[in-house]
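In what follows, a single structure is set out as structure tokens and then discussed.
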Amino acid sequence: MKVLCVAEKPSIAKSISQILSGGQFTTSNTNSPYIKNYEFDYPQTNSTFTVTCVSGHLTSQDFYETHRKWNSCDAFELFDAPVETFIAKDKKAIEQNLKVQARRADVLMIWTDCDREGEHIGLEIVRVCREVKRNIIVKRARFSAIIAQQIHRAAQHPVELDRAQADAVEARMILDLKVGAAFTRMQTQTLQSRVGQLAEGGVISYGPCQFPTLGFIVQRYNRVKDFRPETFWFIYLAVSRLTSSQGNEDTAFNWRRGHCFDVEVAVALYEMVLENPRARVTKVTNKSTRKWKPLPLTTVELQKAGSRLLGLAPKKVLDVAEKLYQQGFVSYPRTETDQYDPQFDFMTLIHKQTVDPAWGGFATGLEQGNFNTPRKGKNNDKAHPPIHPTAHAGNLAGEEKRVYEFITRRFLACCSKDAEGWQTTVDIVCGGEDFYATGLVVLEKNYLEVYPYDKWTGHVIPEFAEGEEFDPSVCELREGQTSRPNYLTEADLVTLMDKNGIGTDATIAQHIQTIIDRDYVIERMEGATKYLIPSTLGVGLIEGYNQIGLDKSVSKPQLRRETERRMVQVCERAVTKNDMLHQSIDQYKEMFIIAKREFNKVVTVCNSISVIGIVLNCTC
DNA sequence: GCAAGGTC
């Protein structure tokens, strides 16, 4: 029996070939430079296997010619316009290869990633293959990690493609196209005369991910803009005392009440303390404490760290990681998984790092007994392990070197032990008010030795004994002010998007880049930190939608969440694909009508929605 | 000239 296996991308095709063939396979080229076909016998099922792949989605969607041109129709018509599915030009060679291989095969086995998108890509593959072989038997290999045992199991016990998941994806594709195109054309056509200079291409784009992303940035911008500092008061208490190591040192005690915004109350409490200023130690607590080592590395975490620690934009980090992956230095960089498979081979990978001049010694230590199983996070995409180094890279430079170093140190840290310390808390009472001081001694740095990105500094405090009394050397009523919140950083934004389900691990960085390219957002450096600030146009769009009562729907994450929820319903077969599509489209149609009417007022009677009028530089 | 999702 001849079995044609098709994976989602070249790396998986190669991995499963190596596993299933035991390393004995022949390789042949195709007309696509990235795609190879692997052939071998698989006696376990009496078959000859050909393994190949696609490169993500095979097909694209667009309107037909009648609606494709911007002036061919009213933008509103796009909601009901038919959509064409076709194989993009750059995917033709892949399609051709599939057809040639399908003609020779009895069975088509789908090996795409085991997620919704993978199920849809599987269906795209099936459709192409059936064009040349209508009765080909279709199977789906289901695996949760690229590990020998699981891959063999998947090959020997295939299941069926999940049509409902593919349907959910198809509905989302059509929805996003229609909504994106309709709103983008409408916004551009109604507002462009009011916007001074437009970015390259002259488009005021709308997208169901772009706008909530911009919304986060504007929301924070408003908080910063509206911030008014508030004065507060607190009692500061300190005592000078001899420590074992540093000589005489002031130990500051924190007021249990934190701080107080009412000056009269603060003064009254302070006077009580002054009347009876002798302090008494009520409790001394000593306990061991630890700083947890980091979780296994996901794409989102890599992007956050890249931005925060390496000063690289999320998109840049992903590009660099992709390059390292192409060179074979790190594992697949797009993963949601923050837990390692129990059978994961840590020791081989750790051994490869022992030759490194900087962290080789640490890796050796792990080999010689310091190894500790990594922590387990809550996420598993069932396709890729956490990001880890796959080979030692000694000759990298610049950004590649820094990203590789981070990934490797993170991996070694995960395989190490938590840092251990000793924490002391001294509780005192003074004039009827409670205060406390804490001290920390770091006993074992463990993972911190190889992971300088985390800081945990010890602070030794002198000895205090329960019941002892002393006179504080400083007792003052001090004044402070609440501080202005910061603008959003890229790392903050990635976190917000991830939490709210805006975009995916592979697309979050792109969405941020898009709203920068569209001139909705400006990057501003303050020291080493990059902040994201909305442009006049960006604020105007979000405030404009807020002003006309569409804020919940357009600039906030709720609507994308509803789309997501409906997709899950389709997957669970509670709702059909068409029902989902129509529910969502009706919702957007309603908003479209309101938005178009109000946006037109910006141009004609500006005052009715002053915010858009002002920020879009309307002159009336 | 429009989207978001895969991927190289």
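Below, chains carry the letters A, B, ... as their sequence lines are ordered, and counting in each starts from 1. Note that this is a predicted model, so its numbers are computed, not measured.
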Open item on the list: Measuring centre to centre across the rings, with the benzene-like ring taken for any Trp, is F211(A) within less than 6.0 Å of F183(A)?
Closed with: no
- [ ] Anything under 30° is parallel, anything over 60° is perpendicular, the rest tilted; go ahead and classify Y545(A) against Y206(A).
- [x] tilted
TODO: Could you check how far CD1 of I121(A) sits from P of dT7(B), rounded to whole Å?
DONE: 7 Å
TODO: Could you tell me whether Y332(A) contacts a base, only the sugar-phosphate backbone, or nothing, with contacts defined as non-hydrogen atoms closer than 4.0 Å?
DONE: sugar-phosphate
Task: Near-ring test F79(A)/Y588(A), centroid separation under 6.0 angstrom - done: no
Open item on the list: Could you tell me how far apart K178(A) (NZ) and dG5(B) (P) are, to the nearest whole angstrom?
Closed with: 19 Å
TODO: Flag yes if more than 12 heavy atoms outside E590(A) fall under 6.0 Å of its CD atom; otherwise flag no.
DONE: no
- [ ] Let me know, please, whether C209(A) or K9(A) comes out on the 5' side of the other along DNA chain B by nearest nucleotide.
- [x] C209(A)
TODO: Mind checking D62(A) for me? I need base, sugar-phosphate or nothing, with any heavy atom below 4.0 Å counting as a touch.
DONE: base
Open item on the list: Among residues at least two apart in sequence or on other chains, which ones pass side chain to side chain contact (heavy atoms under 4.5 Å, CB included) with E336(A)?
Closed with: D381(A), D505(A)
Task: Rounded interatomic separation in angstrom, taking CG from D115(A) and P from dT7(B) - done: 8 Å
TODO: Give T504(A) one of three labels, base, sugar-phosphate or nothing, depending on what nucleic acid heavy atoms sit under 4.0 Å from its own.
DONE: sugar-phosphate
Task: Below 4.0 Å: OP1/OP2 of dA4(B) and any side-chain N or O of Q210(A) - done: yes
TODO: Using a heavy-atom cut-off of under 4.0 Å over every strand shown, decide if F183(A) touches base, sugar-phosphate, or nothing.
DONE: nothing
Open item on the list: Can you confirm whether more than 12 heavy atoms, excluding those of N578(A), are under 6.0 Å from its CG atom?
Closed with: yes
Task: Atom CZ of R153(A) with >12 non-hydrogen neighbours under 6.0 angstrom - done: no
TODO: Can you sort out which residues in residues 559-570 of chain A have a heavy atom within less than 4.0 Å of DNA chain B? Ascending by number, please.
DONE: R560(A)
Task: Gap between atoms NE2 and C1', on H120(A) and dG6(B) respectively (whole Å) - done: 10 Å
TODO: Name the closest nucleotide to the T184(A) side chain, picking from dG5(B), dG1(B), dA3(B).
DONE: dA3(B)
- [ ] For E322(A), report the nucleic acid contact type (base, sugar-phosphate, nothing); a contact means any heavy atom under 4.0 Å.
- [x] sugar-phosphate
- [ ] Looking at every strand, decide which applies to H511(A) at a 4.0 Å heavy-atom threshold: base, sugar-phosphate, or nothing.
- [x] sugar-phosphate
Open item on the list: From the set dA3(B), dC8(B), dG1(B), return the single nucleotide nearest to any side-chain atom of N71(A).
Closed with: dG1(B)
Task: 4.5 Å side-chain heavy-atom contact, C73(A) and L78(A) - done: yes
Open item on the list: Side chains of F411(A) and I387(A), heavy atoms from C-beta outward: is any pair under 4.5 Å?
Closed with: no
Task: Short side-chain N/O contact from T507(A) to OP1 or OP2 of dA4(B), under 4.0 Å - done: no
Task: Atom-to-atom span, CD1 of I87(A) to P of dT7(B) - whole angstrom - done: 17 Å
Task: Whichever of R185(A) and E8(A) has its nearest DNA chain B nucleotide further upstream toward 5' - done: R185(A)
Open item on the list: Classify G118(A) by what it touches in the nucleic acid, base, sugar-phosphate, or nothing, heavy-atom distance under 4.0 Å.
Closed with: nothing
Task: dA3(B) pyrimidine/purine six-ring stacking with Y206(A), under 5.5 Å and 30° - done: no
Open item on the list: Among dT7(B), dG1(B), dG6(B), which nucleotide has an atom closest to any side-chain atom of E117(A)?
Closed with: dG6(B)
Open item on the list: Does anything in residues 167-175 of chain A come within less than 4.0 Å of DNA chain B? Heavy atoms only, and list the residues if so.
Closed with: R172(A), M173(A)
Task: Residue V203(A), side-chain heavy atoms: nucleotide from dT7(B), dA3(B), dG1(B) that is nearest - done: dG1(B)
Task: Candidate nucleotides dG5(B), dA3(B), dT7(B), ranked by approach to the side chain of P208(A) - the nearest - done: dA3(B)
- [ ] Figure out the CG/P separation between L58(A) and dA4(B), and round it to whole Å.
- [x] 22 Å
Open item on the list: Once hydrogens and angles are ignored, does a donor-acceptor distance under 3.5 Å link the base of dC8(B) to the side chain of S55(A)?
Closed with: yes
Open item on the list: At less than 4.0 Å, is any side-chain N or O atom of R116(A) found next to OP1 or OP2 of dA4(B)? Yes or no.
Closed with: no
TODO: Describe the nucleic acid contact of G180(A) in one word from base, sugar-phosphate, nothing, applying a heavy-atom distance below 4.0 Å.
DONE: sugar-phosphate
Task: Proximity to the side chain of S205(A) - top-ranked nucleotide from dA3(B), dT7(B), dC8(B) - done: dA3(B)
Open item on the list: Can you confirm whether more than 12 heavy atoms, excluding those of K323(A), are under 6.0 Å from its NZ atom?
Closed with: no
Open item on the list: Please determine whether the number of non-hydrogen atoms from other residues, nucleotides or ligands lying under 6.0 Å from atom NZ of K316(A) exceeds 12.
Closed with: no
